[in-house]
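Contents: one structure, followed by commentary.
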Amino acid sequence: MSRDIIAIDGPAGSGKSTVARAVAQALGWSFLDTGAMYRALTSEALYQGIDVHDANAMALLARDARIDTLPRIRVNDRDVEDEIRSEPINLAVSVVAANPLVRASMVGRQREIADAQLTGTVVEGRDITTVVFPNATLKVYLTASLDERSRRRGEEGVASVARRDIADSTREASPLRQAPDALVIDTTGRDVHEVVGEIVECLKNIK
Ligand code: CDP
């Protein structure tokens, strides 16, 4: 049976994780941060000394690595929750995420995870509304000005955020795109609760 899905996409710092988590909590649904999966895989490559540019080695790693997302993100039983937002991972993750073989593995896992839940799932990432769950119950595209997104990212800095924006939206494999039927919310200067309320209200109107 296919479960209810709220799919949320958007660039770095648009508020996806915070908003998706809060929407899941408000509805009593599960939450899946797919960026954390790409980050965990990147962390494992660095840990094992695998060159992230080696597409075949990365494809094998994506096929074989065990990735658990709850309660904390773990890869091959190693807890990586605290290190996946570090600068070395910020630098390498766009290369890993641009690999179509890696994406195919991750997308399959993401569908399986959502399917295994007893509740609906709020899933957030870059290709969730366009590739992973194009038939989601509700699709949302979050955005915000580059200035505000960089401010939210703090240490990462505007140059790194801008670099990932370009890498994510110009890559050949599943680039970040706004789905034509997505609810678009600009979160610049907006309160999280307000944005969450708008999404929950929209879901109510659909169902
Ligand atoms: O939190 P932030 O938006 O900065 O990043 P994230 O959601 O943790 O994702 C990190 C990186 O993984 C992104 O810059 C993308 O390159 C990649 N990603 C992706 O390609 N597809 C997804 N569904 C999620 C993340």
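Whatever order the structure lists them in is the order used to number ligands and atoms, beginning at 1.
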Would you say the side-chain atoms of D191 pair up with the backbone N or O of H193, donor to acceptor, closer than 3.5 Å? yes

Using the rule given for side-chain contact (heavy atoms from CB on, under 4.5 Å), can you reason through E81 versus R39, listing the C-alpha separation, both sets of side-chain angles and the distance that settles it, and then say yes or no? CA-CA 9 Å; E81 178 99 25; R39 286 174 180 274; over 6 Å; no

Going by atom types only, do S17 and E124 share a side-chain donor-acceptor pair under 3.5 Å? yes

In the protein, which heavy atom is nearest to atom 12 (O) of ligand 1, and how far is it? V93 CG2, 3.7 Å

For the pair Q117 and T121, evaluate side chain to side chain donor-acceptor pair (under 3.5 Å) and give the outcome as yes or no after the intermediate values. CA-CA 7 Å; Q117 306 305 313; T121 306; 5.2 Å; no

Tell me the contacting part of R171 for ligand 1: side chain, backbone, both, or neither, using a 4.0 Å heavy-atom threshold, strictly below. side chain

Check whether any side-chain heavy atom of I6 lies under 4.5 Å from a side-chain heavy atom of F133, and answer yes or no. no

Take S145 and D147 through the side chain to side chain donor-acceptor pair (under 3.5 Å) test and state the conclusion after the steps. CA-CA 5 Å; S145 69; D147 261 9; 5.8 Å; no

Q110: heavy atom below 4.0 Å from ligand 1, yes or no? no

Which of the ligand 1 atoms, numbered from 1, are nearer than 4.0 Å to a heavy atom of D127: 21 (N), 22 (C), 23 (N)

Nearest neighbour in protein (non-hydrogen) for atom 25 (C) of ligand 1: G35 CA, 3.5 Å

Quick check against the 3.5 Å criterion: does R109 have a side-chain atom that pairs as donor or acceptor with the backbone of A62? yes

Taking 4.0 angstrom as the limit and counting only heavy atoms of Y38, give me the atoms of ligand 1 inside it, by number and element. 12 (O), 18 (N), 19 (C), 21 (N), 22 (C), 23 (N), 24 (C), 25 (C)

By number and element, which atoms of ligand 1 are closer than 4.0 Å to a non-hydrogen atom of R85? 8 (O)

Contact check, R153 vs ligand 1, heavy-atom distance below 4.0 Å: yes

Closest protein heavy atom (residue, atom, distance) for atom 16 (O) of ligand 1: D168 OD1, 2.6 Å

For atom 17 (C) of ligand 1, the protein heavy atom that lies nearest, with its residue and separation: A97 CB, 3.6 Å

Indicate whether the side chain of T143 and that of D186 have a donor and an acceptor atom separated by less than 3.5 Å. no

If you scan protein heavy atoms around atom 3 (O) of ligand 1, the nearest is K16 NZ, 2.9 Å

Using the salt bridge (Lys or Arg N to Asp or Glu O under 4.0 Å) rule, take E83 and R78 through it: C-alpha gap first, then chi angles, then the decisive distance, then the call. CA-CA 11 Å; E83 68 158 80; R78 192 168 55 90; 3.5 Å; yes

Protein contact of atom 24 (C) of ligand 1 - nearest heavy atom, named by residue and atom, plus distance: T34 OG1, 3.4 Å

Polar-atom distance check: R164 versus ligand 1, any N or O pair below 3.5 Å? yes

Should M106 be listed as contacting ligand 1, given a heavy-atom distance under 4.0 Å as the test? no

Looking only at protein heavy atoms, what sits closest to atom 8 (O) of ligand 1 is R39 NE, 2.6 Å

With rounding to the nearest 0.5 angstrom, report the NZ to CG distance, K139 to D9. 10.0 Å

Atom 22 (C) of ligand 1: nearest protein contact (heavy atom, Å): R126 N, 3.3 Å

Given the rule that I, L, V, M, F, W and Y join up when any side-chain heavy atoms are under 4.5 Å apart, are V131 and Y141 in one cluster? no

4.0 Å heavy-atom contact, R103 with ligand 1: yes

